[in-house]
Amino acid sequence: AQSVTQLDSHVSVSEGTPVLLRCNYSSSYSPSLFWYVQHPNKGLQLLLKYTSAATLVKGINGFEAEFKKSETSFHLTKPSAHMSDAAEYFCVVSGTPINTGTASKLTFGTGTRLQVTL
Amino acid sequence: DTGVSQDPRHKITKRGQNVTFRCDPISEHNRLYWYRQTLGQGPEFLTYFQNEAQLEKSRLLSDRFSAERPKGSFSTLEIQRTEQGDSAMYLCASSPGRTSSTDTQYFGPGTRLTVL
C-alpha cells in the first residue's frame with residue numbers, strides 16, 4: 001500500500017521569502033506523485049505531477065518539486081511567496097506504478113496550510 | 001472552460017433523510033472518481049467508474065451509499081438514511097483515461113453536506 005506524510009501541518013512565511021512544503025512517500029513501486037492546492041471554497045487544483053521524465057518538476061505559479069528516490073521525498077518549493085499562495089496544499093500518491101495509464105485512486109496527505117504574511 | 005461540475009454545492013439535511021449528488025465530468029473523460037473530505041483531512045477515495053462500469057469501491061462506502069454512472073456520462077452519489085457522521089465535502093474528479101501516460105485527475109468544487 002502507498003502512503004504520504006506531510007511533515008508540517010502549518011507553514012507561515014513572509015511575502016517574498018522562499019516556500020518549502022515537505023512530503024515523504026511510501027510505495028512498493030515507482031509511484032506517480034502530485035501536488036494539489038485547495039483555496040478556500042474552491043476545488044482542488046493540480047500544481048504539478050511527477051512522471052519520471054525529470055526529477056525536478058515545474059508546475060504552475062512558480063512552484064517546483066524535486067523527486068528524491070533515495071530519500072523518498074517530494075518536497076514543494078517556490079522561490080518567492082505571494083499573498084495569493086495562501087491555501088491548503090496536498091501531497092498525493094497514486095495507487096499504480098508510474099506511466100502505466102491504469103486507473104487509480106489517489107492517496108492524499110493530511111495537508112499543509114500555508115500562511116503568507118506581509 | 002468546462003471543468004468538472006457538481007450539484008448542489010451545499011446540502012443541509014436532517015438525519016435519516018436520503019440525499020443525492022450529481023457530478024458532470026469533463027467532456028470525453030471516461031474515468032470518474034468520488035472522494036470524501038472531512039474537516040482538517042485530505043480527501044479519501046470512495047469509488048471510481050470506467051465509463052459506466054463501477055470498478056472499485058472503498059470499504060468507506062457502506063451499504064447506505066450507492067453510486068451510478070448511466071451511459072458513462074454524469075454520475076450520481078446517493079446516501080440513504082443519512083447520519084451525522086456523513087457530514088463532509090464530497091468531491092468528484094474525472095480523468096481522460098490515457099493508457100500510455102500518467103492519468104491525471106481533475107476535481108470539481110465539491111458538494112458540502114451537513115447532516116443535522
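Chain identifiers are assigned alphabetically (A, B, ...) following the order of the sequence lines, protein sequences preceding nucleic acid strands; residue numbering begins at 1 within each chain.
When B:Q6, B:Q41, B:Q105 are compared by the number of non-hydrogen pairs under 4.5 Å with chain A, B:Q105 comes out ahead. Ranked by non-hydrogen atom pairs under 4.5 Å with chain A, the options B:G42, B:A93, B:G40 are led by B:G42.
B:Q37 touches chain A through its side chain: at least one heavy atom from C-beta onward sits under 4.5 Å away, while N, CA, C and O do not. For A:L46, the part sitting under 4.5 Å from any heavy atom of chain B is the side chain, from C-beta outward, and nothing else. For B:L91, the part sitting under 4.5 Å from any heavy atom of chain A is the side chain, from C-beta outward, and nothing else. With a 4.5 Å cut-off on non-hydrogen atoms, B:R112 does not touch chain A at all.
The neighbour count for B:L55 CG, taken as heavy atoms of other residues, nucleotides or ligands under 6.0 Å away, is above 12. Residue B:E68 places its CD atom among 12 or fewer non-hydrogen atoms of other residues, nucleotides or ligands, all under 6.0 Å distant. A 6.0 Å sphere centred on CG of B:L116 holds more than 12 heavy atoms belonging to other residues, nucleotides or ligands. In this structure, B:R64 places its CZ atom where more than 12 heavy-atom neighbours from other residues, nucleotides or ligands lie under 6.0 Å away.
Clustering ILVMFWY residues whenever any of their side-chain heavy atoms sit less than 4.5 angstrom apart, transitively, puts A:L56 in a cluster other than the one holding A:F63. A:L44 and B:I26 fall into different hydrophobic clusters, where Ile, Leu, Val, Met, Phe, Trp and Tyr residues are linked whenever their side-chain heavy atoms come under 4.5 Å apart, directly or through other members. Hydrophobic clustering (side-chain heavy atoms under 4.5 Å, transitive across Ile, Leu, Val, Met, Phe, Trp, Tyr) keeps B:L77 apart from B:F107.
Taking the six-membered ring for Trp, B:F45 and A:F108 have ring centres at least 6.0 Å apart.
Closest non-hydrogen pair, B:Y35 versus A:L106, comes out as OH-N, 3.0 Å. The minimum heavy-atom distance linking A:F34 with B:T104 is given by the pair CE2-OG1, 4.2 Å.
Between B:P43 and A:F90 the shortest side-chain heavy-atom distance falls below 4.5 Å.
In this structure, OG1 on B:T47 lies 11.0 Å from NZ on A:K105, to the nearest 0.5 angstrom. We find the CD-OH distance between A:Q45 and B:Y106 to be 11.0 Å, quoted to the nearest 0.5 Å.
Within the structure, side-chain hydrogen bond (donor to acceptor under 3.5 Å, both in side chains) contacts touching residues 108-118 of chain A (residues at least two apart or in different chains) are A:Q6-A:T112, A:H10-A:Q115, A:E88-A:R113.
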